[in-house]
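What's counted below: heavy atoms across the whole structure, side chains too, no hydrogens, waters or symmetry copies. This structure is a prediction, so every number in the text was calculated from the model and none was measured.
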Amino acid sequence: MAFDIEMIKMVYSKVVERVDIARKIIGRPLTLAEKILYAHLWDGAPTKNFHRGKDYVDFAPDRVACQDATAQMALLQFMQAGKSKVEVPTTVHCDHLIQAKNGASSDLQNALNTSNEVFNFLESVSNKYGIGFWKPGAGIIHQVVLENYAFPGGMMIGTDSHTVNAGGLGMVAIGVGGADAVDVMAGMPWELKFPKLIGVKLTGKLSGWTAPKDVILKVAEILTVKGGTGAIVEYFGPGATSMSCTGKGTICNMGAEIGATTSTFGYDESMERYLRATDREDVADAANEVASYLTADPEVYTNPKQYFDQVIEINLSELQPLLNGPFTPDLSTGAGSDMTQKANANDWPLKVEWGLIGSCTNSSYEDLSRASSIAQQALDKGLKTKAEFGINPGSEQVRYTAERDGILDVFEKLDATIFTNACGPCIGQWARYEDPKNAPKNSIVHSFNRNFAKRADGNPNTHAFVASPELVAAIAIAGRLDFNPITDKLINENGEEVKLDEPKGWELPPKGFEVKENGYIDPVSDGSNVVVSVNPNSERLELLTPFAPIGNEIKGAKLLIKAFGKCTTDHISMAGPWLRYRGHLDNISNNCLIGAVNAYNKQTNFVKSQIDGEYDAVPKTQRAYKAAGIPTVVIGDHNYGEGSSREHAAMEPRHLGVVAVIVKSFARIHETNLKKQGMLGLTFDNETDYDLIQEDDTFNFLDLHEFAPGKPLAIEVVHADGSKDTIKVNHTYNQGQIEWYNEGSALNLIKKQNS
């Protein structure tokens, strides 16, 4: 039975009326994304037609999910919101703070030993405020959500960019910063610019070595890492309905890598099968009663170009296995000879040292079963892995069932390491090297979603390539990046040529799912007597002090750093070993922008101070500016803040005294996070003005006292030689967001309203 069946039934009781009204107001058939959006308006039934990409709209999400790294800051903020209990169903999942090293049992125990203070804090806060708590080892947040909470036609937000995984069950599920989550948990509307719509028509059918992973790798190649920004991607067509629910989840999951607001599929039989297999017959029955409202109107999929802003068509029957990378998830290469040529041309190491399967993207029962069929072939045909091999199951339910069915035993016989049901290497929680900064150049393949430099193991020389679990298994056996299992043969222990057959697997476990202890703790009904304590001397946790408003008179601001090229949230606020400080704003601020490349010397964490003219680390330099009462500005390139939803990338510069971030363009979540924390997120009106900014520049904001929606701002840039340039910058702040700025943060405004 579903956790929130009454809430789900309530959503379905409203969807018919609201969608029918929206269809009349708009005067045409609706996409699935539009149906879900109009059914979740904060004000209730639709009264107007919202303009895609222009109108800010208030929504009422059905639930919130937080992972342990981001939950710390989200809950620290919620504790200031003046509420005794969350207003919508909310869960916390402990999956990020478990480092992969030796294997599941020892790694989990080590995490409990080293992060017990944080886990206890999260459990006690969850208990006090009515939040469901999933213990360390219970599983990866997005797999657990898919198994337990996601439902067709629903809307949820989560403090992780890969919340979008729930689109595999027909949701509009969106990654946000913790401050957004606080809004919803506090019973307030959640604001989003009404998304544009991208339709992806899938024809044909996957077969052989191609997998759902290859679909999103192809889409990433087509749209690039910013092509989906501000849009919901909706998949449809015969190829879509032929795929499994968890396969759909994989595709939606990596939609975060193209910048999409979210991705989704219409309700179909595969979703019904998955709901029933995961003990949610009640949800399936309820969904079936309103099934036509949980997918697009037929006319939309018949003539998609009339209803979507952009349409892409992919023939799954023609799709080939792909590897994306290195260093960016949109650089796509076909398996085999294409990779040979490209690797040789770019000096990518062809020898593969690790193959890794798992993460929230590809850790379902189906993923493990298909990969294990390749592992079983290796055993049967006298092959051994030439690369090291690691497996992260997605949840305790998946792990227990896979162990029961002999799947994990196959991997272990091939000397694979079974890691904890947690994120592990996918987010940099991997103790691969003693000294990662000086580790050698190498290649790895994994089924994760991201492959930025230093992402998995902290080594800037690790070339990480993203592929399907079955291709990862084959390449780990072959030990070569350019191995093509469709055409290439291998030499076994007896000196014989052997060839791997096509992978096989099960969409769902033939004997059904089973688990003894899923790791869930229900909160007490009345948490008023639960005490949440934070040691004032803790290095891991720190109660928040509200930010003071920056104000409308910014003069004499100095340049902290002009970031060159790609500057993701990993560059702004690294994960890996820094995850331990996610609940302590001052301590984690010591990683602020240390990965960003300084445009003037092409070095990281080495910037010039205008106080003494010396070069030093970014956080140290910025702390000196703050101590001297000098405001600072950060300059960036395109898609600044790409990647994770982590709001620390906005909170750290805010805490240290940065007043504005001025870039060519923003990634959606990061721009929102800056606004939420009461900062200025601005874009160059003329992108070439980026080139005007010099190392010793001073910035005077000329008309910030006239800060208003749709009105550009003027900034006087004073150069060291006394010359000046006045540049125009744009912003997307509406009046409500300007109020956040005026109050110092959105949280300050919430607290004021609840006082």
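Checked against the 6.0 Å centroid threshold, W42 and F59 do not count as a close aromatic pair. Taking the centre of each ring, F236 and F308 come in below the 6.0 Å mark. Taking the ring centroids of Y38 and F194, they lie under the 6.0 Å cut-off. Taking the six-membered ring wherever Trp is involved, the centroid distance between the rings of Y520 and F133 does not fall below 6.0 Å.
In this structure, K675 satisfies the cation-pi test against Y733, with its NZ or CZ atom closer than 6.0 Å to the six-membered ring centre and inside 45 degrees of the ring normal. Under a cutoff of 6.0 Å and an axis angle of 45°, K676 and W740 form a cation-pi pair.
Side chain to side chain, T361 and K213 fail the donor-acceptor criterion of an N or O pair below 3.5 Å. E396 and N518 share no donor-acceptor pair across their side chains, judged by distance under 3.5 Å alone. N362 and T250 are linked by a side-chain donor-acceptor pair at a separation below 3.5 angstrom, with hydrogens and angles left out of the test. In the model, S645 has no side-chain atom that pairs as donor or acceptor with a side-chain atom of S161 under 3.5 Å. With 3.5 Å as the limit, one finds no donor-acceptor pair spanning the side chains of N449 and E257. For the residue pair D68/H93, the side-chain donor-acceptor check at 3.5 Å is not satisfied.
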Candidate pair Y307 and D297, rule side-chain hydrogen bond (donor to acceptor under 3.5 Å, both in side chains), full reasoning: CA-CA 11 Å; Y307 304 99; D297 290 329; over 6 Å; no
side-chain hydrogen bond (donor to acceptor under 3.5 Å, both in side chains) assessment of K35 paired with T295: CA-CA 8 Å; K35 289 181 179 182; T295 189; over 6 Å; no
Audit row: S270, K248, side-chain hydrogen bond (donor to acceptor under 3.5 Å, both in side chains) steps and yes/no: CA-CA 9 Å; S270 72; K248 293 178 173 72; 2.8 Å; yes
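Taking CD of Q397 as the reference point, atom CD of E147 lies at 4.5 Å (rounded to 0.5 Å).
Under the salt bridge (Lys or Arg N to Asp or Glu O under 4.0 Å) test applied with R273, the options E281, E366, E507 reduce to a single match, E507.
A heavy-atom distance below 4.5 Å is found between the side chains of I5 and V283.
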